[in-house]
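Each remark here refers to the structure printed beneath this line.
No experiment lies behind these values; they were computed from the predicted model shown.
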Amino acid sequence: MIRAGMRNMFLITGTVMGAGYASGREIWQFFGAGSGLAILLFTILFILCISTLLKISYQLKTTDYLPVLQQLIGKRFATVYDMLILVYLFSVTVVMIAGSGATFETIGMPFWWGIVFIFIGLIIIFSKGINELLNINQLLMPLLILALVIILIIFIRDENISILSKWRNQSNWTAAFPFTSLNILPLIAVLGAIGSRIQSKGEIYFSSISSGLILGMITLLYNTSLVHVAEGIELPPIPLFTIINNYDTLITVIMMVMLWIAIFTTAAATLLGMVTRINRKYELPLVQMATLALLPMLPFSGIGFSQLIAIIYPLYAVLNLYILVKLVIYPLWNNS
């Protein structure tokens, strides 16, 4: 149970901790000063939503997200949100591809090298099947989580930052709702794809609680650090650079690798949600479906990382608030 729960936990955190999150851009866009309560609310809401999604997926033994969506909001609304989710999954995968290019560009390599590198990596992982994707998450996500937590704790210690002092003003508490709704959207698709693989309710509770606590802790540490460094300056497209700017080259290289890992795991997860849904109709080999989905994404990735995040994330955060409400109240009407 614990091993399976950890596998799901790393898939969940790997889906959320993509280029926008791991770089700090998404956290700064929604939170900032006065957000301690917002992050606490996000943690609670996230645990509730993930638990509900996993329970529905487990009960229906799903292999894609459409049955989950239909169970949650009914067939009429599910048709509308089905299209919205497909567009969102396409868009987020494009953002991750652009994020790979931006990461390569940061270390002095051509933008398109990063695009080609992640494209090849995704084709390889999808040629191995869903189990290999889950195994990769189990291998890579602990490294990313550990690296982020260590660098943020070291930064907070070195800068003598008091986390508790940031709780005096909690004017931004409402940010919890759009931030949670944004991050739940790809997880509907991803968790819907693995419903048939879930073995017990214990696995569900372990996955939802552990992933929520991990993301809540990292979000609090990250936001506290960003509030501190943002005093008097404009943060760059990848705010993480401001935090690691004063550390040696080795730290920078390590964090760049960790950032790319976050990009890759999210791109793989969102692409999985997308192709399993489309493959419901066509039933092509997974790698063939993934290749066909990736090819039209490449031209869009040239728009730019920060521009894509600024447009797509706030829009879908608002559109998905209805799903968030349904996930929170679902257990009240469905005792299972």
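Thr252 OG1 to Ile244 CD1: the interatomic distance, rounded to the nearest 0.5 Å, is 4.5 Å. The distance from atom CZ of Phe31 to atom CG of Leu220, rounded to the nearest 0.5 Å, is 10.0 Å. In this structure, CZ on Arg3 lies 12.5 Å from CG on Asn8, to the nearest 0.5 angstrom. Here the straight-line distance linking atom CG of Asn320 with atom CG of Asn183 works out to 10.0 Å at 0.5 Å rounding. Atom OG in Ser51 sits 9.5 Å away from atom NZ in Lys201 (nearest 0.5 Å). Atom CG in Leu240 sits 8.5 Å away from atom CG in Leu226 (nearest 0.5 Å).
Side chain of Thr62 to main chain of Pro67: no donor-acceptor pair is present (N/O by atom type, distance under 3.5 Å, no hydrogens or angles). Between the side chain of Asp64 and the main chain of Thr276, no donor-acceptor pair closer than 3.5 Å is present. Put simply, the side chain of Ser57 never gets that close to the backbone of Leu54: no donor and acceptor are under 3.5 Å apart. Checking side-chain atoms of Thr52 against main-chain N and O of Leu48 turns up a donor-acceptor pair under 3.5 Å. Judged by distance alone, with hydrogens and angles left aside, the side-chain atoms of Tyr222 form a donor-acceptor pair with the main-chain N or O of Ser23 at under 3.5 Å. Side-chain atoms of Asn223 come within 3.5 Å of backbone N or O of Gly32 as a donor-acceptor pair.
Between Phe179 and Phe30, the angle of the ring planes goes over 60°, which puts this pair in the perpendicular group of the 30/60° scheme.
Take Arg277 and apply the salt bridge (Lys or Arg N to Asp or Glu O under 4.0 Å) test, not counting sequence neighbours, and it matches Asp82. With sequence neighbours excluded, the residues satisfying side chain to side chain contact (heavy atoms under 4.5 Å, CB included) with Leu41 are Leu37, Trp173, Ala176.
If you check the side chains of Thr63 and Ser196, you find no donor sitting under 3.5 Å from an acceptor.
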Throw together a table of side-chain donor-acceptor distances under 3.5 angstrom for residues 206-219, partners on residues two or more places apart or in other chains.
| from | atom 1 | to | atom 2 | distance (Å) |
| --- | --- | --- | --- | --- |
| Ser207 | OG | Gly5 | O | 3.1 |
| Ser207 | OG | Glu203 | O | 2.7 |
| Ser208 | OG | Ile204 | O | 3.0 |
| Ser208 | OG | Tyr205 | O | 3.2 |
| Ser210 | OG | Phe206 | O | 2.5 |
| Ser210 | OG | Ser207 | O | 3.4 |
| Ser211 | OG | Ser207 | O | 2.7 |
| Ser211 | OG | Ser208 | O | 3.2 |
| Thr219 | OG1 | Tyr21 | OH | 2.6 |
| Thr219 | OG1 | Leu215 | O | 2.6 |

Cut-off 3.5 Å, no hydrogens considered: what does the side-chain donor-acceptor table look like for residues 11-18, sequence neighbours left out?
| from | atom 1 | to | atom 2 | distance (Å) |
| --- | --- | --- | --- | --- |
| Thr13 | OG1 | Met9 | O | 3.0 |
| Thr13 | OG1 | Phe10 | O | 3.2 |
| Thr15 | OG1 | Leu11 | O | 2.7 |

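In terms of heavy atoms, Leu139 sits closest to Pro142 at O-CD, 3.7 Å. For Asn172 against Ala33, the heavy-atom pair with the smallest separation is CB-O, 3.8 Å. Taking each heavy atom of Leu152 and Ile243 in turn, the nearest pair found is CD2-CD1, 4.0 Å. Here the closest heavy-atom approach between residue Ala78 and residue Leu69 is recorded as O-CD2, 3.6 Å. Minimum heavy-atom separation, Ala189 to Leu89: CB-CD1, 3.5 Å. Of all heavy-atom pairs between Tyr88 and Pro186, the closest is CE2-CD, 3.5 Å.
Tested against Ser100 for a side chain to side chain contact (heavy atoms under 4.5 Å, CB included), the candidates Ile263, Leu122, Ile115, Val95 yield a single pass: Ile263.
Side chains of Leu324 and Leu321 form a contact here, defined as non-hydrogen atoms less than 4.5 Å apart. The side-chain heavy atoms of Ser181 and Ile323, taken from C-beta on, include no pair separated by under 4.5 Å. Counting only heavy atoms from C-beta outward, the side chains of Ile118 and Phe264 approach each other to under 4.5 Å. With a 4.5 Å cut-off on side-chain heavy atoms, Ile184 and Leu53 count as touching. Gln59 is not listed as a side-chain neighbour of Gln71, based on a closest heavy-atom distance of 4.5 Å or more. At least one side-chain heavy atom of Leu182 sits under 4.5 Å from a side-chain heavy atom of Glu26. Counting heavy atoms from C-beta outward, Leu271 and Met297 have side chains that approach closer than 4.5 Å. Looking at Phe90 and Leu86, their side chains never come closer than 4.5 Å, going by heavy atoms from C-beta outward.
By the rule that hydrophobic residues join a cluster once side-chain heavy atoms approach within less than 4.5 Å of another member, Ile50 and Ile47 end up as members of separate clusters. Residue Leu259 is grouped with residue Phe155 when hydrophobic side chains (ILVMFWY) are merged at heavy-atom distances under 4.5 angstrom, including chains of intermediate members.
Through direct or indirect side-chain contacts shorter than 4.5 Å among Ile, Leu, Val, Met, Phe, Trp and Tyr, Leu66 is connected to no other residue.
With a 6.0 Å radius and a threshold of 12 heavy atoms from other residues, nucleotides or ligands, Tyr247 has its OH atom above the threshold. Remark: Trp113 CH2 is loosely packed, at most 12 non-hydrogen atoms of other residues, nucleotides or ligands lying under 6.0 Å away. Annotation: Asn160, atom CG; neighbour count of heavy atoms from other residues, nucleotides and ligands within 6.0 Å does not exceed 12. When the shell of 6.0 Å around NZ of Lys61 is examined, it contains more than 12 heavy atoms from other residues, nucleotides or ligands.
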Side chain to side chain contact (heavy atoms under 4.5 Å, CB included) between Leu187 and Phe46, worked out: CA-CA 11 Å; Leu187 284 166; Phe46 189 85; 3.6 Å; yes

Going through the checks in order, is the ring-ring contact (aromatic ring centres under 6.0 Å, His included) test met by Tyr322 and Phe77? CA-CA 10 Å; Tyr322 174 68; Phe77 282 114; 5.6 Å; yes

Test side chain to side chain contact (heavy atoms under 4.5 Å, CB included) on Ile251 and Asp248; report intermediate values, then the result. CA-CA 6 Å; Ile251 295 294; Asp248 58 36; 3.3 Å; yes

Are Ile73 and Val80 close enough, and set up right, to give a side chain to side chain contact (heavy atoms under 4.5 Å, CB included), and what steps lead you there? CA-CA 10 Å; Ile73 59 177; Val80 176; over 6 Å; no

Criterion side chain to side chain contact (heavy atoms under 4.5 Å, CB included) on Phe177 and Val325, from CA distance to verdict: CA-CA 9 Å; Phe177 302 103; Val325 172; over 6 Å; no

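Listed by first then second residue, pairs satisfying salt bridge (charged side-chain N to carboxylate O under 4.0 Å, His left out) with a partner in residues 142-163 number zero, not counting sequence neighbours.
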